Amino acid sequence: MDSPRLTWRAPALYGALLLGLLLAALALLWPAWIHRAALLAQAEALSETTGVIPAPRGAIYDAVGVRLAWSEKYFDLFYLGSDPEADQVVLTELSRRIPGVTPPGRLDPLPWRLRSELTPEEFDAIQSYIARHPEARVLTRTVRHHHPDPALARYLGEVALDGDTGMVSGVDGIEAEFDAVLSGVPGEYAVNLDRHGQWVVSSWRLLTPVIPGRDVRLESGWAEWLRLQEGYDDAESAK
């Protein structure tokens with residue numbers, strides 16, 4: 001027969017073991033419980049995305065420095081929200097800060113271009129405001145300009161924009177012939193997103209630097225160069 005002392009010790013040992021396990025678990029979980037708000041905030045920013053930084057395209061000059069083809073960047077203000085009625089306060093504030101901001105008709109498809117070609121002063125006037133209102137955003141676009149002479153423009157050629165990378169590439173003419181020189185190499189960045197899909201600006205970091213495209217210079221003035229090209233084409237057509 002078991003003694004009363006042994007019968008009493010077994011439950012006591014089990015109880016002490018369970019208590020020890022409970023205390024150990026509490027010791028592990030307690031810091032996480034205390035700092036749960038900070039941990040949750042960090043978890044919201046764990047989603048990371050990467051993006052491409054387009055390389056500036058080089059310009060084309062003639063031998064005396066006349067610019068024949070060049071790129072210019074423009075800043076346009078867009079409304080990217082889905083409920084203009086609910087965002088009327090935002091639209092009204094943007095109209096107050098920048099003259100000429102007028103929302104399109106209510107039946108026009110979204111997104112809305114509220115204003116094209118913002119000046120640096122206008123961008124500064126709304127930069128802090130749109131940072132707090134992601135439904136409004138300034139987007140950039142690059143326009144390739146060519147010398148106005150129509151005969152020369154035919155030889156300069158056309159360019160095409162890659163919507164995914166923002167890079168411009170030559171399709172024909174000099175733009176295509178020297179595309180490898182003019183294009184450069186795009187860069188890459190990484191940034192964390194919060195739980196709303198918005199950038200955590202302080203987390204932005206450069207992964208690969210941009211290498212700008214190089215300029216191309218013709219061997220003569222553009223008028224002389226054009227005459228030579230047209231003469232060559234006429235000779236080829238006469239064969």
Side-chain angles (χ1 to χ4, degrees), residues 28-29 31-59 70-82 87 90-91 93-94 97-98 101 110-145 159-170 175 178-216:
L28 291 173
L29 296 176
W33 176 259
I34 293 297
H35 301 291
R36 65 189 182 280
L39 292 173
L40 287 173
Q42 292 175 8
E44 289 180 353
L46 290 180
S47 178
E48 181 181 271
T49 187
T50 58
V52 175
I53 308 172
R57 189 171 179 82
W70 66 97
S71 298
E72 289 186 359
K73 182 176 289 187
Y74 297 94
F75 298 86
D76 300 336
L77 176 62
F78 281 85
Y79 169 73
L80 303 179
S82 58
D87 295 329
V90 175
L91 296 173
E93 179 62 19
L94 291 173
R97 293 179 180 232
I98 301 180
V101 171
L110 296 169
W112 290 343
R113 190 196 301 267
L114 301 176
R115 172 70 188 276
S116 297
E117 301 180 18
L118 296 176
T119 66
E121 294 76 17
E122 290 171 336
F123 180 74
D124 289 341
I126 62 170
Q127 185 175 11
S128 60
Y129 184 75
I130 63 176
R132 305 190 302 272
H133 297 278
E135 59 272 23
R137 189 175 302 175
V138 173
L139 303 178
T140 62
R141 58 185 171 93
T142 301
V143 177
R144 190 69 170 174
H145 297 283
V159 296
L161 174 66
D162 186 326
D164 294 329
T165 65
M167 291 288 291
V168 173
S169 58
E175 294 279 16
F178 294 96
D179 187 64
V181 177
L182 293 165
S183 291
V185 180
E188 186 178 17
Y189 68 87
V191 66
N192 289 339
L193 304 176
D194 63 21
R195 61 190 178 92
H196 301 293
Q198 302 300 317
W199 282 18
V200 180
V201 178
S202 60
S203 70
W204 192 96
R205 57 199 177 281
L206 182 66
L207 300 179
T208 307
V210 173
I211 301 177
R214 290 175 289 159
D215 296 338
V216 169

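These numbers were taken from a predicted model, which means no experiment stands behind them.
Taking CG from Asp124 and OG1 from Thr119, the interatomic distance works out to 8.5 Å, rounded to the nearest 0.5 Å. Atom CH2 of Trp70 sits about 9.5 Å away from atom CZ of Arg144, to the nearest 0.5 Å. How far CG of Leu94 is from CD of Glu135: 8.5 Å, rounded to the nearest 0.5 Å. The distance from atom CZ of Arg132 to atom CD of Gln127, rounded to the nearest 0.5 Å, is 11.5 Å. Atom OH of Tyr129 is separated from atom CZ of Arg97 by 7.0 Å, given to the nearest 0.5 angstrom. Note that OG of Ser203 is 7.5 Å distant from CG of Leu193, once rounded to the nearest 0.5 Å.
Considering only residues two or more places apart in sequence or on other chains, Tyr189 meets the side-chain hydrogen bond (donor to acceptor under 3.5 Å, both in side chains) condition with none of them. For Glu122, the salt bridge (Lys or Arg N to Asp or Glu O under 4.0 Å) partners are Arg115, not counting sequence neighbours. Residues satisfying the side chain to side chain contact (heavy atoms under 4.5 Å, CB included) criterion with Val181, sequence neighbours excluded, are Arg214, Val216.
The backbone N or O of Leu139 lies less than 3.5 Å from no partner atom in the side chain of Asp76, so there is not a single donor-acceptor pair.
Residue Leu206 comes nearest to Glu188 through the heavy atom pair CD1-O, 3.6 Å, listed as atom of the first residue, atom of the second, then distance. In this structure, Asp164 and Asp162 approach most closely via the heavy-atom pair N-OD1, 2.9 Å. For the residue pair Met167 and Gly184, the shortest heavy atom distance occurs at CE-O, 4.2 Å. Nearest heavy atom pair, residue Pro212 against residue Ala55, reads CA-CB, 4.5 Å. Closest of all the heavy-atom pairs between Val210 and Pro56 is CG1-CD, 3.8 Å.
In this structure, the side chains of Pro54 and Val168 stay at 4.5 Å or more apart for every pair of heavy atoms. The side-chain heavy atoms of Val52 and Pro186, taken from C-beta on, include a pair separated by under 4.5 Å.
Ion pair Asp179/Arg57 flagged as a salt bridge, since at least one NZ, NE, NH1 or NH2 atom sits closer than 4.0 Å to an Asp/Glu carboxylate oxygen.
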Side chain to side chain contact (heavy atoms under 4.5 Å, CB included), that's the test. Do Leu114 and Ile98 meet it? Break it down for me. CA-CA 10 Å; Leu114 301 176; Ile98 301 180; over 6 Å; no

